[in-house]
Amino acid sequence: MGWAGLTIPVETGSIHPEKVQRGEKDAADQMPPQAPSPAPAPSGSVGGAAWRHLLLLLTGLPLALAALAFALQWRGGGVDDPTARWPPHAFPGMGMTDPTPPSLPSSACGEVLIASSGPSFPYLRGWSFPFDSDSDAALHPKVCVQTSTSAGLDQILPWLFYHKVVGVAQFLLFVEGRAAKPQVAGVLESIPANFLLLGRQGVKVVYRTQELEEQQARSRIWNETWLAGFFYKPCNYELFVKQSLNMEMAIVMARDAAMDWIIHLDTDELLYPGGGAEYSVRHLLADVPGDVDMVIFPNYESSVERDDIKDPFSEVSMFKKNYDHLPKDTYFGMYKEATRGNPNYFLTYGNGKSAARVQDHLRPNGAHRWHNYAKSPNEIKLEEAAVLHYTYTKFSDLTSRRDRCGCKPTKDDVKRCFMLDFDRAAFIIASTASEEEMLRWYNERVVWNDKQLNLKLLRKGVLTRIYTPMAIVQGLRESGVFTSSIAAAQSLVNDKVSLKENNVQNKNHTKLEKVSRKFIRANSQASARKILHAVEPASHDSNVSAVPPLSPPSLDNHLLELS
């Protein structure tokens, strides 16, 4: 029987939903279990996966590069320290960590060189300054600083190493008095060999011996008129002539050492290379046009805020600006408040110091300027750089200046001995007053203890804060430069102490005699360098007089000009 003829009766009544659902459930229970079919993926899931891969790549790439860099630097014993590549002890004292002071015969400078009451700035720890033949070729121009000093190590060492940091290549130290003592000169002469420059000693000490005085007595300066107004006078005038004679000899020494510039500074003066790249005097002078013969650094004067200063280079940060660096209206408008009853705007000189290009026929023109026998020097004045003059910064400066001069404390006699009004007044008060009266006078005339006035003058720009020299000097102290220089000189100092002073001072006779002949024999054959080769002065040179220390412009003269 076939399926085609089969008729299946169908109930045509209403269908109950409950029965249908029960039937479907029963049928489902009887079927074997099946895996659920996956739902179709949304269209945005592909883009999300791509972003996740991209984020993973960006996260892993820096880590992979860091791991690669570490692997490249690995030497098997740790990461190479770049500072270890420099020659050890390339700057005297940098490699010594023991700050214990050496036991020298004299301890006058120990307190200042080893410790300080101010904050420390150990930024120079680990510095090194290689001066091998390869690196030296790039150090141009080469700058030489010459000084005449009777100071001690507490002043000379910070002064010397500060200028080394700012780019000075050679130092010519003409020493006498305390500076010529074995305890001081021995340290200066024994600065280690890694302080050399082109095989020549970076610090040359010249003693004021009888032979030196005889050689300078034959200098051509005595037969010329430009310095004649200062001859045969005591105190400051005598010092001024002595400085000029030393500068004349220093020109020859600087030329022999292949220096490009020479600067005369006192050991209470620091060069401030404002406007120069990398806080460098060398960079500053490298930017000077080639036709310029002389560069003038206006001076700023220290303004101490306490009467118990011990280490001016580390404790003084406030200075009075020079007239040349102030608007004229500001200078004369604030003149009386800035002067505070003193004779002049500055306590001492205000006409700055100068650097000269080492060249033929160069000569000194007093301690503040240079000149040339053959021409009028082309000079410029710097707009930002300055010489920081730390004058009368210690109360003891009153008596030390008094003790160096035998003049009578009268108004007439001090004019014969001192060029500047404040020096005359200070000498009289130090010679006639009690220590209590001297201290009161010092606080009234020198110490800037009126904070409101200080703030007013700072806002006007008459006073300024300069912290960099303080930071450098304190950093040098923290790095052990001063103490290690003293320690390294211990054996030489002991040898010098055992010798007679005459033998000590005669150590450089041969060298000095060889140098001096170049400028005392005007009729000798010209040398190859001819820096001081005798020539007939140009017509304009006979009218040029030495430039003495001069006070800044006064308000009285300004009012006279206006009237």
Side-chain angles (χ1 to χ4, degrees), residues 86-116 120-131 145 147 149-175 178-197 200-207 265 267-268 270 310-314 469-497 504 507:
W86 295 93
H89 310 295
F91 203 53
M94 289 298 180
M96 301 187 66
T97 58
D98 184 10
T100 305
S103 56
L104 291 178
S106 173
S107 60
C109 60
E111 179 181 356
V112 175
L113 292 177
I114 296 164
S116 174
S120 63
F121 298 84
Y123 305 138
L124 305 183
R125 188 179 300 280
W127 278 21
S128 60
F129 301 84
F131 279 89
V145 165
T147 190
T149 183
S150 60
L153 289 177
D154 56 334
Q155 183 168 321
I156 297 177
L157 284 182
W159 173 87
L160 188 150
F161 283 107
Y162 167 85
H163 285 109
K164 187 61 184 174
V165 169
V166 302
V168 174
Q170 188 182 55
F171 300 86
L172 303 176
L173 309 180
F174 288 73
V175 298
R178 183 182 176 191
K181 298 292 184 182
Q183 297 89 342
V184 177
V187 173
L188 300 176
E189 286 186 328
S190 66
I191 292 179
N194 48 19
F195 203 60
L196 298 185
L197 181 66
R200 297 175 176 87
Q201 194 169 4
V203 178
K204 181 181 289 293
V205 178
V206 182
Y207 296 91
L265 291 176
T267 52
D268 62 352
L270 298 180
K310 293 183 178 179
D311 180 18
F313 295 153
S314 296
M470 175 190 297
I472 290 176
V473 171
Q474 293 199 20
L476 287 167
R477 177 179 295 108
E478 288 291 328
S479 64
V481 170
F482 306 145
T483 54
S484 59
S485 297
I486 296 174
Q490 184 69 58
S491 59
L492 179 60
V493 168
N494 291 337
D495 292 340
K496 282 182 172 290
V497 170
V504 173
K507 183 177 181 180

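Remember, predicted model here, so these are calculated numbers, not experimental data. Index from 1, following the sequence.
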For Q155 and D268, run side chain to side chain contact (heavy atoms under 4.5 Å, CB included): C-alpha distance rounded to whole Å, both residues' side-chain angles, the deciding distance at 0.1 Å, then the answer. CA-CA 8 Å; Q155 183 168 321; D268 62 352; 4.0 Å; yes
In terms of heavy-atom contacts, Q183 and L153 come closest through O-CD1, 3.5 Å
When rounded to the nearest 0.5 Å, the distance separating CZ of F161 from CD1 of I156 is 11.5 Å
inquiry  = If you apply the rule side chain to side chain contact (heavy atoms under 4.5 Å, CB included), what do you find for L265 with W159, and how did you get there?
reply    = CA-CA 10 Å; L265 291 176; W159 173 87; 4.3 Å; yes
Residue set satisfying side-chain hydrogen bond (donor to acceptor under 3.5 Å, both in side chains) with S150, at least two apart, ordered chain then number -> none
Here the pair of heavy atoms bringing A489 nearest to G186 is CB-O, 3.9 Å
The reported gap from CG in L160 to CG in L188 (rounded to nearest 0.5 angstrom) is 7.0 Å
Tightest non-hydrogen contact, residues T149 and A151, listed as OG1-N, 3.0 Å
Taken to the nearest 0.5 Å, the spacing of H163 NE2 from L270 CG works out to 5.0 Å
Residues F313 and P158: closest non-hydrogen pair is CD1-CB, 3.8 Å
Taken to the nearest 0.5 Å, the spacing of L157 CG from R477 CZ works out to 10.5 Å
_Contact between D154 and D311 at the side-chain level, heavy atoms closer than 4.5 Å - yes or no?_
no
Shortest non-hydrogen pair, Y162 vs P469, comes out as CE1-CA, 3.7 Å
Between F482 and L476, is a side chain to side chain contact (heavy atoms under 4.5 Å, CB included) present by the stated rule, with each step listed? CA-CA 7 Å; F482 306 145; L476 287 167; 3.8 Å; yes
Can you find a pair of side-chain heavy atoms, one from V203 and one from L173, that are under 4.5 Å apart? yes
